[in-house]
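To keep things clear, I will list the structure first and then write my remarks on it.
Here is the naming used below: chain letters follow the sequence lines, and residue numbers restart at 1 for every chain.
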Amino acid sequence: MKYAFTEIEKKWQGRWEEEKSFKASEDPTKKKFYGLIEFPYPSGEGLHVGHPRPYTAMDIIARKRRMEGYSVLFPIGFDAFGLPTENYAIKHKVHPAEVTKKNIARFTSQLKMLGYSFDWDRVVDTTDPAYYKWTQWIFLKMFEKGLAYKATMPVNWCTSCKCVLANEEVVDGVCERCGSPVVRKEKSQWMLKITAYAQRLLDDLDDLDYIDRVKVQQRNWIGRSTGAEVNFDTTAGDKLKIYTTRPDTLFGATYMVVSPEHPILKKWESLLTNLDAVKAYQAEAARKSDFERTELAKEKTGVKLEGVMAINPVNGVEIPIFISDYVLASYGTGAIMAVPGHDERDWDFAKAMDLPIIEVVAGGNVEEAAFTDIATGTMVNSGFLDGLSVEEAKKRIITWLTDHKIGESKVNFKLRDWVFSRQRYWGEPIPIVHCDCCGYVAVPESELPLRLPEVENYETTDTGESPLSVMTEWINTTCPKCGGPAKRETDTMPQWAGSSWYFLRYTDPRNNQALASEEALKYWTPVDWYNGGMEHTTLHLLYSRFWHKFLYDLGVVPTKEPYAKRTSHGMILGEDGVKMSKSRGNVINPNDIVDEFGADTLRLYIMFIGDFEKAATWSSNAVKGCKRFLDRVWALGEEKIPGDDSLSKENEALIHRTIKKVSEDIEAMKFNTAIAALMSMLNEFGAHKPSRGDLKALLTLLCPFAPHIVEELWERQGFEGLASTAAWPVYDESKMVEDTISLAVQVSGKVRAQITVAADASDDEVVAAAMAEPRIAKIFENMTLIKSIVVKKRLVNLIGKPN
RNA sequence: GCCGGUGUGGCGGAAUUGGCAGACGCAAGGGACUUAAAAUCCCUCGCUGGCAACAGCGUACCGGUUCGAUCCCGGUCACCGGCACCA
């Protein structure tokens, strides 16, 4: 009979659900494994064929761990706050909660259709007040510790979402989500002090088992640099503080630059004789979006401040000060000393403004280009630093600056604090009230969750305020501190809030006394293996590490890092080789594949498609290959094979080799070659008909990949229990080798023949056998053997010399 | 510009990291079964020459080390990803 996948898959999904086969339990007698995938945003489009790639991968690992005897936690949930739902709600005049409910139901049925071994009793939903109560609680703890603060500053404003964005959400000067231009806007925002954890977020990466590119990207994003802060006296009688990574080049500083937003400019207004020109430049800089500012990066512009000069502390020389937008207000001190001889940007500016260039590190030609090589240069024109290497000069000058109380060594980070407010409805309300006499006051913990009120309209106001800002009866409240009138915060949290700690909630999802119990956290955390997309490296992954470290400091979680291991998958591209998108019409819906070929085939193909870490192009044709493989497995096991469960002599070595290959490949996420090994095994079964035990081995190895068909055949063969809870097979190295092996015979590195020898043949025997082979003997008719190299179990290489 | 990665048949991709290049799958061609098609099964399948045995060439390109290089070293080119005026 044909393999009736539709009924069979339904049947086993039902059984697993009924018997709660994949329920996680805190069994102290077992080793635990916590496997995690990034929970989906339940969009209106439903699952597309990209989702199953990471899900199936971790499902395979989780299933293998269970078979290996671990107590496994493999949970799923929904990251359901977010803009698309809100926009849909606005357009169709429905409550976002309704939309969310519908979308979650759809996602749930699709995920169940694919046979994942999730513990469905632990589903979390970030929009559930019982969940976001704890998101708010964590925020209040941060507020209490001074890590959540309100600041008025220029922020990234998406013109289309009408909402502020975190730095991490701005990509190439446009909104990461919608692609609309991002402009700078002064706004009062809630901020989280992630910078307080910058050093620890960097240092602790060393001990984590993350793939390198994730570590590199996070290090890059945190952007630690070491240098010095130096105070320059000015003719205005005050000081200008700058940050530099090259204090060694101080003698080469020929001018200073401050950013257009630098506060000292206000102070100096009365001294500036060209105030109009300065103000005009400031206004122009403010008008530019981030995008324009970086786009126009090639041409340096600026205005000299007439009326104030700076004094170089090492030699007393007066040097001019400029304002220019190539200096950023938000990094370092917002001011620099310019050393055009040894910094490319300063060199460009000096050339544009016709400023002098002094060489202080010999080794290049500063008239041609800035010389920035710090490894080979020698200090010149630098007084007491002359003759030193750059490295030595740095140390010497920092000591000198410190001794003279002019400056000190300083570490800076590119990482900025996290803009945490969003002017949107569909997010967690920020549990803070503002009181005229007490300032910002936390909503008492007993009042959590602070629920989202019902509103008429979900649209952001024209002035860019949250939809909650028109809810006067909700906004007006009393101050928890003094009892006087107070107003609630109307901004909500960003989508990244709920996902920053969801993996903790899975350990104890229904707890209403704590975000999770101490015992559950102690048993399950840290997450042993977290697989997710590279696009979250500097967003979700970094944010959640930050929150976790904060909770660790509070004593709430037992580990300093949330995830012991992080891996990443490549994207699934459409058949045309480009990213799947609705507008392109190249989206593959998993339901269609499941209807035509079954869930097992989809699971198998999505893992066989190529290198897990790299992008892969979908091929409707190639899916058939996986279906054919399963059909052949079905044909083999459909009828009960008589006999016991022992391995046949003929297939024993093959089976042990395959167990090793599949076991190791799953651990290395080389699913494509694991499946290839299973296909090879089946092909070999063509030569030697498998025994009942041989088939059992194949089914056990195939179970994590294609669990439905395996369960059905398992039952038909009368094997005990569920295949999903059977023991993972163990290989025996001694049983992997055949009695005789085939070796390649090379002559001077070129393969000329094959010989068959006993597996334990000595080198001399191998060479003798090779020389006896007719073709080799012929070649050596006119040659003398001068050297032979035998590589055990692989080949023998014979080197000869003409007679 | 800086950092990271990749380059192998018609295609997706293998190769225990120095040991038989192209596993496994797709596509293609031929054959069997069939009234026919689909499905299934068998064979061929890197390029060139040859009926064949076989020989030569071949892992982006040029060179090196080695008995032996897809893998190591030096150089060149192409593509992809991340960061980007961070002083």
**OP:** Using heavy atoms to find the nearest nucleotide of RNA chain B for A/Ala677 and A/Lys661 separately, return the residue whose nucleotide is more 5′.
**Re:** A/Lys661
**OP:** Provide the distance between the two P atoms, one in B/G9 and one in B/A23, to the nearest whole Å.
**Re:** 13 Å
Original post:
Are A/Asn412 and A/Ser225 close enough that a side-chain donor and a side-chain acceptor fall under 3.5 Å?
Top reply: no
Original post:
Checking all strands, does A/Val791 fall into the base, sugar-phosphate, or nothing category for heavy-atom contacts under 4.0 angstrom?
Top reply: base
Original post:
More than 12 foreign heavy atoms under 6.0 Å from NZ of A/Lys351: is that the case here?
Top reply: yes
Original post:
For A/Glu667, does the CD atom sit with more than 12 other heavy atoms under 6.0 Å from it, leaving out its own atoms?
Top reply: yes
**OP:** Starting from P on B/A14, measure out to CD1 on A/Ile675 and report it in whole angstrom.
**Re:** 12 Å
Subject >> Strand RNA chain B in bracket notation, Watson-Crick/G-U under 3.5 Å with | for pairs to another chain >> reply: (((((((..(((......[....))).(((((.......))))).((((....))))..(((((..]....))))))))))))....
Original post:
For B/A87, does OP1 or OP2 lie under 4.0 Å from any side-chain N or O of A/Tyr326?
Top reply: no
Original post:
Can a salt bridge be assigned to the pair A/Glu38 and A/Arg566 using a cut-off of 4.0 Å between side-chain N and carboxylate O?
Top reply: yes
Original post:
For atom C1', what is the distance between B/C41 and B/A52, given to the nearest Å?
Top reply: 29 Å
Subject >> Centroid-centroid distance, A/Tyr255 to A/Phe349, less than 6.0 Å >> reply: yes
Subject >> B/U70, syn or anti by chi within 90 degrees of zero >> reply: anti
**OP:** Between B/C79 and B/G74, how far apart are the C1' atoms? Round to whole Å, please.
**Re:** 22 Å
Original post:
Distance check: side-chain N/O of A/Lys215 vs OP1/OP2 of B/C3, anything under 4.0 Å?
Top reply: no
Original post:
Where the side chain of A/Asn683 is concerned, which of B/G25, B/U6, B/C20 is the nearest nucleotide?
Top reply: B/G25
Listing time: all N or O pairs from protein to nucleotides 40-43 of chain B that are below 3.5 Å?
none

**OP:** Select one nucleotide: of B/A87, B/A15, B/C85, the one nearest the side-chain heavy atoms of A/Lys300.
**Re:** B/C85
Original post:
Where the side chain of A/Ile789 is concerned, which of B/C67, B/A55, B/A23 is the nearest nucleotide?
Top reply: B/C67
**OP:** Between B/C83 and B/G64, how far apart are the P atoms? Round to whole Å, please.
**Re:** 41 Å
**OP:** Answer with yes or no whether A/Gln746 presents, from its side chain, a donor or acceptor under 3.5 Å of a partner atom in the base of B/C67.
**Re:** no
Original post:
Thinking salt bridges, do A/Arg219 and A/Asp206 make one under a 4.0 Å N-O criterion?
Top reply: yes
Original post:
What's the closest nucleotide to the A/Ala744 side chain, out of B/A84, B/C20, B/A14?
Top reply: B/C20
**OP:** Assess the pair A/Trp618 and A/Tyr605: is the distance between their ring centroids shorter than 6.0 Å?
**Re:** yes
**OP:** Specify the separation, in whole Å, of atom CD1 of A/Ile374 and atom P of B/A87.
**Re:** 12 Å
Original post:
Has the side chain of A/Asp248 got a donor or acceptor atom that lies under 3.5 Å from a matching backbone atom of A/Val390?
Top reply: no
Original post:
Atom CG of A/Asn672 and atom C1' of B/A15: how far apart are they, to the nearest Å?
Top reply: 12 Å
Original post:
Out of B/A87, B/A14, B/C85, which has the shortest distance to the side chain of A/Ser225?
Top reply: B/A87
Original post:
Do we see a donor-acceptor contact under 3.5 Å between the side chains of A/Ser734 and A/Asp732?
Top reply: yes
Subject >> Nearest to side-chain heavy atoms of A/Leu795, which nucleotide of B/C20, B/G82, B/G12 >> reply: B/C20
**OP:** Using atom CZ of A/Phe685 as one end and atom P of B/C24 as the other, report the distance to the nearest whole Å.
**Re:** 15 Å
Subject >> Closest nucleotide among B/A14, B/A55, B/A23 to the A/Ser680 side chain >> reply: B/A23
**OP:** Remember a base hit wins even if backbone is also touched, and classify A/Arg657 as base, sugar-phosphate or nothing at under 4.0 Å, heavy atoms.
**Re:** nothing
**OP:** Mind calculating the distance between NZ (A/Lys614) and C1' (B/A14) to the nearest angstrom?
**Re:** 11 Å
Subject >> Any donor-acceptor N or O pair under 3.5 Å, side chains A/Asn683, A/Ser680 >> reply: no
Original post:
Which nucleotide in the list B/C20, B/A87, B/C83 gets nearest to the side chain of A/Tyr243?
Top reply: B/A87
Original post:
What distance, rounded to whole Å, do you find between the two P atoms, one in B/C61 and one in B/G7?
Top reply: 13 Å
Subject >> Nearest-angstrom distance, P atom, B/G46 to B/C11 >> reply: 13 Å
**OP:** Could you identify which residues of residues 616-626 of chain A place a heavy atom less than 4.0 Å from some atom of RNA chain B, listed by residue number, or say none?
**Re:** A/Asn621, A/Ala622, A/Gly625
**OP:** For A/Arg416 and A/Ser330, test the side chains for any donor-to-acceptor distance below 3.5 angstrom and give the result as yes or no.
**Re:** yes
Original post:
Expressed as a whole number of Å, how far does the C1' atom of B/C3 sit from that of B/A84?
Top reply: 10 Å
Subject >> Distance between C1' atoms of B/U6 and B/G13 (Å, rounded) >> reply: 14 Å
Original post:
Does a donor on one side chain sit under 3.5 Å from an acceptor on the other, for A/Ser619 and A/Glu575?
Top reply: no
Subject >> Nucleotide of B/C20, B/G4, B/G19 approaching A/Arg213 most closely (side-chain heavy atoms) >> reply: B/G4
Subject >> Candidate nucleotides B/C57, B/C3, B/C24, ranked by approach to the side chain of A/Lys750 - the nearest >> reply: B/C57
Original post:
Would you say the side chains of A/Tyr326 and A/Ser259 form a donor-acceptor pair under 3.5 Å?
Top reply: no
Original post:
Going through the checks in order, is the salt bridge (charged side-chain N to carboxylate O under 4.0 Å, His left out) test met by A/Lys670 and A/Glu664?
Top reply: CA-CA 8 Å; A/Lys670 290 164 81 174; A/Glu664 290 176 356; over 6 Å; no
